[in-house]
Amino acid sequence: MSSKIRRSMPLFPMGTVMKLTDLSARQIRYYEEHQLIRPERTAGNRRLFSLYDIDRLLEIKDLLDEGINMAGVKKILLKEDEPVYSNVKDHLKKEKKEFTNEEVRKLLRRELINAGRFHRDDFPSGEKFRYFH
DNA sequence: TTTCTCACA
DNA sequence: TGTGAGAA
């Protein structure tokens, strides 16, 4: 899936992100210090944010509005950064094992099934796949 | 003009 | 978190 790549594409400068998220440059840079976002840099050291970064910033803002402090926000968002098998390829890589076409199809099917149980907050520990948004 | 880093009456 | 200085 290339949409994932496109979401991570560095596109927007600070000013645009400030308007889009209604956050101050100070806040945005502060969240970056806390590893909540990882914007790229231009040759001139200017930050370039991706759609994914903007989405993260909006989530941070929501969590903060809900009264959660930075420590809490970090715990929640960094948790999502844990090795997550967002696609079969990553899963295969993690397994260090060759999969037959049939096994790949099984994984894909399971992935689609899981994708369906979207806004259901039941993620048993040990769950191989997790989805957000 | 915009954004960056650094620092704090 | 805000804000201002000095640089790029």
Handout entry: Length of the line joining A:E40:CD and B:dC4:P, which is rounded to integer Å
Key = 14 Å

Practice task
Compare the minimum distances between each of C:dT1, B:dT3, B:dT5 and the side chain of A:N45, then state the nucleotide with the smallest one.
Solution key: B:dT5

Problem - Separation of B:dT3 C1' from A:M14 CE (nearest whole Å) - result: 7 Å

Exercise for the section: Please determine if a side-chain N or O atom of A:Y31 lies less than 4.0 Å away from the OP1 or OP2 oxygen of C:dT1. Expected result: yes

Exercise for the section: Give A:G15 one of three labels, base, sugar-phosphate or nothing, depending on what nucleic acid heavy atoms sit under 4.0 Å from its own. Expected result: sugar-phosphate

Exercise for the section: Under 4.0 Å between any heavy atoms, over every strand shown, what does A:R29 touch: base, sugar-phosphate, or nothing? Just pick one. Expected result: base

Problem - Cationic N near anionic O, under 4.0 Å, A:D22 to A:K61 - result: yes

Completion exercise
Rounded to the nearest 0.5 Å, the CG atom of A:N69 sits from the NZ atom of A:K75 at a distance of 10.5 Å

Completion exercise
Answer for the Watson-Crick or wobble partner of C:dT1, both distances under 3.5 Å, is none

Handout entry: For atom CG of A:D65 and atom C1' of C:dT1, their distance in whole Å
Key = 15 Å

Problem - Interatomic distance, A:L36 CG vs C:dT1 P [rounded to whole Å] - result: 11 Å

Handout entry: Gap between atoms CD1 and P, on A:I28 and C:dT3 respectively (whole Å)
Key = 15 Å

Practice task
Please report, rounded to the nearest Å, how far the P atom of B:dC4 is from the CZ atom of A:R47.
Solution key: 4 Å

Completion exercise
The residue, A:M70 or A:R46, whose nearest nucleotide of DNA chain C is more 5′ is A:M70

Practice task
Flag the pair A:M18 / A:L23 as yes when at least one side-chain heavy-atom distance between them is below 4.5 Å, and no otherwise.
Solution key: no

Practice task
Indicate, yes or no, whether a donor-acceptor pair under 3.5 Å links the base of C:dT3 to the side chain of A:R26.
Solution key: yes

Handout entry: Distance, rounded to the nearest Å, where A:L48 contributes CG and B:dC4 contributes P
Key = 9 Å

Exercise for the section: Using the rule that two of Ile, Leu, Val, Met, Phe, Trp, Tyr join whenever any of their side-chain heavy atoms come within less than 4.5 Å, decide whether A:Y52 and A:L48 are in one cluster. Expected result: no

Problem - Whole-Å distance separating the CD atom of A:E33 from the C1' atom of B:dC6 - result: 11 Å

Exercise for the section: With the side chain counted from C-beta on, respond yes when A:R38 and A:E32 share a heavy-atom pair under 4.5 Å apart, and no when they do not. Expected result: no

